[in-house]
A.B. asks: 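Take a look at the following structure, please.
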Amino acid sequence: MLDINLFREHADMIRADHDKRGLPHDRIEEVIALDQTWRNHLHETDQLRREKNEAARGIGAAKKSGNQEEAQRILAQVADLGQRISDLESMTNEAMSARDRLRMSIPNILHSDVPKGEDESGNTVHAVHGTKPSFAFEPRTHNALIEMNKWVDLKRAAKITGSRFYFLKGDLARLEFALQQYAVDFLRQREYTFVQPPVMMNRAAYEGVTDLGDFETVMYGVEPDAYYMIATSEHPLTAMFMDETIPEETLPLRMVGVSQCFRREVGSHGQSDMGIWRVHQFTKIEQIIIARPEDSWALHEELLQNCTDLWDSLGIHYEIVNICTGDMGTVAAKKYDLEAWIPGANQYKEIVSCSNCTDYQANRLSIRYGQPGHPNQPIVHTLNSTAVATSRALVAIMEQYQLEDGRIAVPEVLQPHMGGQTVLEPCNWG
RNA sequence: GCAGUCGUCGCAUAGCCUGGUAUUGCGCCGGAUUUGAAAUCCGGUGUCCCCGUGACUCGGGAGUUCAAAUCUCUCCGACUGCGCCA
C-alpha cells in the first residue's frame, strides 16, 4: 500500500507510474477525493466531540452543587450532540475504509529500470548463464521421466486429496531433501539466518503482504479458525515484524526461510503444466531482507547474485529476465525472474522470482526502523527472492541432467547431501 | 479441552474494587551544568487532523452511561495447574 502522503503531496508520481503501466487515473483521483471527504468529516466530528466534552464537564459540578435544573439542561444538550456525532462518525469511518480499500488496490511505484510492455513478451533478457545441454539421444520430458522411474504418484494423491497434489517417492524425494539442505547451507554461509515459519496466518497479517485478489485465487482458507495457508514463507517472514520498530543497527536483516507453500492455482490450465511443475503444495527455500530504504537497491542485486551463484553451482542453464510493466504484480517495484531451459518444452520457464517491494508491504504492516518508542520513525523496505522452489528445481534438474536410460545424474554439489550418490535410481514399486 | 491468574505508551510499573485530564521508573532524544565525561537538574519521548485551550488511545470488538483503563458481554493472546497428544 502506498503512503497516503504520496496521494496528498506527490500524486503526479503515482499518475506518471500509472501512465507507464497503461492504467487509467480514476482510482487515484477517487482515493484523493475520499481522503478529502474523510478529513472534512473527521474535523467536523472532532469539533462536535470537543463541544460535547466541554459541556459534559459541567454535569458533575452541577449535580454536586445540587443544581438539578442545570444538570438536566446539559444532559439534553449532550444527548443531541451525541446523536450528531455518531451519525457523522459512521460517515467518517466509511470514507476512510473506502479510501483504504481502494488504496490497497493501487500498485507500487515502479523502478525506472522496469521495461514497458503489455505482458510477459515485454520482459527483457538481462543475462544468460550456462549453455544449453546437448544430448546424444532424444531427451525425455520430465513427465515421462517421473513416470518411468515411478518417482511421483499423482493418481493416488488425487484419490486422497485432489488434482495437482502428489507423493514424491524414492530417490527423487531424497534429491528434494538434498536441495533444501544445500540451499539453506549455501545462504547460511552468506550470513542469512535460517528461519522456519508458521504455515498459516490470520487475515489481518496476510492483508499486509499480498494483493487482495490473492485471497480468492491463491490462498487456501482454514475454517473455522479464519486462517490462510501461506503461499510462500516470504509472507510470514515479512509479516512477523508487523507493528514493530526495528533497531537500526540490526538492519539489514537477512533470512533464509524454508516452508511448504500452498496455492489454489484457480484458473491455471495447460499441457505444459502437467506433472509437478504447477502444484498446490511444494517446498520453497526463500531469501528475505528487511532493509533501510537507501540500501534496498544494492541488496536487491545481492539477492540476484545469490541466486545466480546458487544456480550456477547446480549447473543449470538459465536466463535472467527483467520483468516488464505488464507482467509485474501490484507489490514489487522491480522484479527479476530466473528462467531455466526446459528441453522437453523447448522453452525457458520460471524457477526464481526476485523482488524489491520497497515500502509497499512495510507501509501496510507498519514496520519501521530507528529507535523503538520514538515517534515518526521511517518505514523499512522489504525484499524477497526464491532461492529454490524444489518442485521446479527437480523439473529443471531432471530435464537437463537426464541420461539415455532415463535415470538422472546428481549435480555434483548435491552429492554430499545424497551420501555420495551420483545417479538417481528408479523406485522399485509404483 | 477444563479451571484459575493476567494483558496499561519501547521495557517495567500505578490506577480498576468505589466510572470524571493515564502514574512513576528505566531506556532514548534535546538542553543546562562541566575542560571532557559521570552524576545532577530541566524539557521531550503513542496515533490522527485543518496543529489547537483540538480529537482519539489502556490486547481486539460490542454494550451500559452525559462520561469507561475502571462496570457487563464476547473474541484473541500469555502464564500456571489438570487432561490429551507427535
Side-chain angles (χ1 to χ4, degrees), chain A residues 1-9 11 31-100 103 196-208 221-228 236 239-251 253 260 290 292 359 362-380:
Chain A
M1 182 169 68
L2 296 178
D3 188 339
I4 190 64
N5 288 312
L6 217 51
F7 292 86
R8 291 177 187 166
E9 290 157 28
V31 168
I32 293 170
L34 283 165
D35 182 51
Q36 195 56 56
T37 305
W38 170 68
R39 290 203 282 176
N40 292 342
H41 286 337
L42 182 71
H43 189 247
E44 204 179 328
T45 313
D46 279 2
Q47 292 308 314
L48 289 174
R49 280 213 185 95
R50 178 186 184 172
E51 268 182 61
K52 186 186 172 200
N53 289 343
E54 278 168 2
R57 253 173 237 140
I59 293 176
K63 279 190 172 169
K64 206 172 274 180
S65 67
N67 191 343
Q68 288 301 328
E69 214 173 284
E70 173 67 0
Q72 286 306 315
R73 191 190 63 75
I74 297 174
L75 280 175
Q77 181 193 355
V78 159
D80 174 56
L81 281 168
Q83 186 55 51
R84 287 166 64 194
I85 288 169
S86 81
D87 290 349
L88 202 53
E89 212 168 36
S90 52
M91 287 167 68
T92 310
N93 293 338
E94 226 167 81
M96 173 142 96
S97 56
R99 181 196 77 179
D100 285 343
R103 182 155 65 115
Q196 296 189 32
V199 295
M200 297 176 209
M201 287 170 61
N202 62 45
R203 176 105 193 185
Y206 226 131
E207 282 184 356
V222 180
E223 295 301 340
D225 291 296
Y227 294 152
Y228 292 88
M240 71 188 285
F241 299 101
M242 177 166 72
D243 295 324
E244 289 191 32
T245 301
I246 302 173
E248 184 165 2
E249 63 272 19
T250 66
L251 299 181
L253 207 48
Q260 293 279 302
I290 315 280
R292 296 149 75 216
D359 61 0
N363 260 320
R364 175 84 183 133
L365 290 168
S366 189
I367 306 175
R368 300 166 183 277
Y369 72 96
Q371 286 178 341
H374 282 251
N376 292 317
Q377 298 293 289
I379 297 284
V380 300

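All heavy atoms count here, side chains included; hydrogens, waters and symmetry mates do not. Proteins get letters first, then strands, A, B, ... in listed order; numbering begins at 1 in each.
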A.B. asks: Should A:K52 be listed as having a side-chain N or O under 4.0 Å from OP1 or OP2 of B:rA67?
C.D. replies: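 Result: yes.
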A.B. asks: If the C1' atom of B:rC75 is compared with that of B:rC26, how far apart are they to the nearest Å?
C.D. replies: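 Pairwise C1' distance, B:rC75 against B:rC26, rounds to 34 Å.
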A.B. asks: Could you pick out which residue, A:N5 or A:Y227, lies toward the 5' side of RNA chain B when each is mapped onto its nearest nucleotide?
C.D. replies: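 By nearest-heavy-atom nucleotide position, the 5'-most residue is A:N5.
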A.B. asks: Which pair of non-hydrogen atoms, one from A:N5 and one from A:D3, has the smallest distance, and what is that distance?
C.D. replies: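 Looks like N-OD1, 2.9 Å.
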A.B. asks: Could you check whether A:D35 gets within reach of a base, just the sugar-phosphate, or nothing at all, counting any heavy atom under 4.0 Å?
C.D. replies: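 No contact at all - A:D35 keeps every heavy atom at 4.0 Å or more from the nucleic acid.
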A.B. asks: Could you tell me how far B:rU23 sits from B:rC9 if I compare only their P atoms? Round to whole Å.
C.D. replies: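 Each nucleotide's P atom is 13 Å from the other's.
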A.B. asks: Between A:F241 and A:I367, what is the shortest heavy-atom contact and its length?
C.D. replies: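 Shortest heavy-atom separation between A:F241 and A:I367 comes out as O-CG1, 3.4 Å.
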A.B. asks: How many Å lie between CD on A:E51 and P on B:rC66, as a whole number?
C.D. replies: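 Roughly 19 Å, once rounded to whole Å.
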A.B. asks: With a 4.0 Å cut-off, would you call A:D35 and A:R39 a salt bridge?
C.D. replies: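 Here A:D35 pairs with A:R39 in a salt bridge, since their nearest N and O are under 4.0 Å apart.
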A.B. asks: Restricting both atoms to N or O, compile the protein contacts to nucleotides 6-12 of chain B shorter than 3.5 Å, with distance only.
C.D. replies:
{"from": "B:rG10", "atom 1": "O4'", "to": "A:G373", "atom 2": "N", "distance (Å)": "3.2"}

A.B. asks: Minimum heavy-atom separation for A:L2 to A:N363, with atom names?
C.D. replies: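 Nearest heavy atoms, A:L2 then A:N363: C-ND2, 4.1 Å.
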A.B. asks: Both A:N376 and A:E54 contact RNA chain B. Which one's nearest nucleotide lies toward the 5' end?
C.D. replies: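 Looking at RNA chain B, the more 5' nearest nucleotide goes with A:N376.
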A.B. asks: What interatomic distance, in whole Å, is found between C1' of B:rG20 and the corresponding atom of B:rU70?
C.D. replies: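 These two C1' atoms come out 11 Å apart once rounded.
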A.B. asks: Does the A:Q377 side chain pair with the main chain of A:P372, one donor and one acceptor, at a distance under 3.5 Å?
C.D. replies: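 Checking the backbone N and O of A:P372 against the side chain of A:Q377, no donor-acceptor pair under 3.5 Å is found.
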A.B. asks: Taking CZ from A:R49 and P from B:rC66, how many angstroms apart are they, rounded to a whole number?
C.D. replies: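 For the pair A:R49 CZ and B:rC66 P, the rounded distance is 17 Å.
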A.B. asks: With rounding to the closest Å, how many angstrom separate the C1' atoms on B:rU24 and B:rU45?
C.D. replies: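 Taking atom C1' in both B:rU24 and B:rU45, they lie 15 Å apart.
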A.B. asks: Between P on B:rC56 and CE on A:M96, what's the gap in Å once rounded to a whole number?
C.D. replies: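 After rounding, the gap between these two atoms is 15 Å.
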A.B. asks: Name the stems that RNA chain B belongs to, where each is three or more consecutive Watson-Crick or G-U pairs with both distances under 3.5 Å?
C.D. replies: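 If one scans RNA chain B for consecutive Watson-Crick or G-U pairs, the stems found are B:1-7 with B:76-82, B:10-12 with B:24-26, B:27-32 with B:40-45, B:46-48 with B:54-56, B:59-63 with B:71-75.
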A.B. asks: To the nearest angstrom, how far is A:E244 atom CD from B:rG46 atom P?
C.D. replies: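 After rounding, the reported distance stands at 18 Å.
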A.B. asks: So, is A:N53 near the phosphate of B:rG54, with a side-chain N or O under 4.0 Å from OP1 or OP2?
C.D. replies: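 No, A:N53 has no side-chain N/O under 4.0 Å of OP1/OP2 on B:rG54.
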A.B. asks: Rounding to a whole Å, what distance do you find between A:N202:CG and B:rC75:P?
C.D. replies: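 Result: 17 Å.
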A.B. asks: For A:S366 versus A:R368, what's the shortest heavy-atom pair and its separation?
C.D. replies: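 Smallest interatomic distance, heavy atoms only, reads OG-NE, 3.8 Å.
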A.B. asks: Going by atom types alone, do A:N40 and A:E44 pair a side-chain donor with an acceptor below 3.5 Å?
C.D. replies: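 The criterion, which ignores hydrogens and geometry beyond distance, is not satisfied for A:E44 and A:N40.
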A.B. asks: What is the distance, to the nearest angstrom, from the CD atom on A:Q47 to the C1' atom on B:rG52?
C.D. replies: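 My rounded result for the distance is 9 Å.
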A.B. asks: Suppose you measure atom P in B:rC85 against the same atom in B:rC17; what distance do you get, rounded to whole Å?
C.D. replies: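 44 Å, rounded to whole Å.
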A.B. asks: Would you mind reading off the distance between A:E89 atom CD and B:rG61 atom C1', rounded to a whole angstrom?
C.D. replies: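 Computing the A:E89:CD to B:rG61:C1' distance gives 14 Å.
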A.B. asks: Quantified in whole Å, what is the P atom distance between nucleotide B:rU8 and nucleotide B:rC71?
C.D. replies: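 Approximately 16 Å lies between the P atom of B:rU8 and that of B:rC71.
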A.B. asks: How close do A:K52 and A:I85 get, heavy atom to heavy atom, and via which atoms?
C.D. replies: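 So the minimum-distance heavy-atom pair works out to CD-CD1, 3.8 Å.
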A.B. asks: For A:R84, is the CZ atom crowded, meaning more than 12 foreign heavy atoms sit under 6.0 Å from it?
C.D. replies: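 Check fails, neighbour count at 12 or below.
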A.B. asks: What I want to check is whether the side chains of A:Q83 and A:D87 have a donor and an acceptor closer together than 3.5 Å.
C.D. replies: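 Their side chains do contain a donor-acceptor pair, which is all the 3.5 Å distance test asks for.
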A.B. asks: Any idea which heavy atoms bring A:A205 and A:A239 closest together, and the distance?
C.D. replies: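 Closest approach of A:A205 to A:A239: O-CB, 4.2 Å.
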A.B. asks: Which distance, rounded to the nearest 0.5 Å, do you find between the OG1 of A:T92 and the NE2 of A:H43?
C.D. replies: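 If we round to the nearest 0.5 Å, A:T92:OG1 and A:H43:NE2 are 12.5 Å apart.
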A.B. asks: Ignoring backbone atoms, establish whether A:R368 has a side-chain N or O less than 4.0 Å from OP1 or OP2 of B:rU47.
C.D. replies: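 Answer is no, no contact under 4.0 Å.
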A.B. asks: With rounding to whole Å, what would you report as the distance between B:rU21 and B:rC6 at their C1' atoms?
C.D. replies: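 Pairwise C1' distance, B:rU21 against B:rC6, rounds to 27 Å.
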A.B. asks: If we take the P atom in both B:rG59 and B:rA69, what is their distance in whole Å?
C.D. replies: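 Between the two P atoms, the distance is 10 Å.
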A.B. asks: Look at atom CD of A:Q260 and say whether more than 12 heavy atoms of other residues, nucleotides or ligands are closer to it than 6.0 Å.
C.D. replies: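 Above 12, so yes.
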A.B. asks: Please state how far atom CG in A:D243 lies from atom C1' in B:rG59, giving the value in whole angstrom units.
C.D. replies: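 Rounding to the nearest Å, CG of A:D243 and C1' of B:rG59 are 12 Å apart.
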A.B. asks: Is there a residue in residues 38-46 of chain A whose heavy atoms reach under 4.0 Å of RNA chain B, and which residues are they?
C.D. replies: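 RNA chain B contact set from residues 38-46 of chain A: A:W38, A:R39, A:N40, A:L42, A:H43, A:D46.
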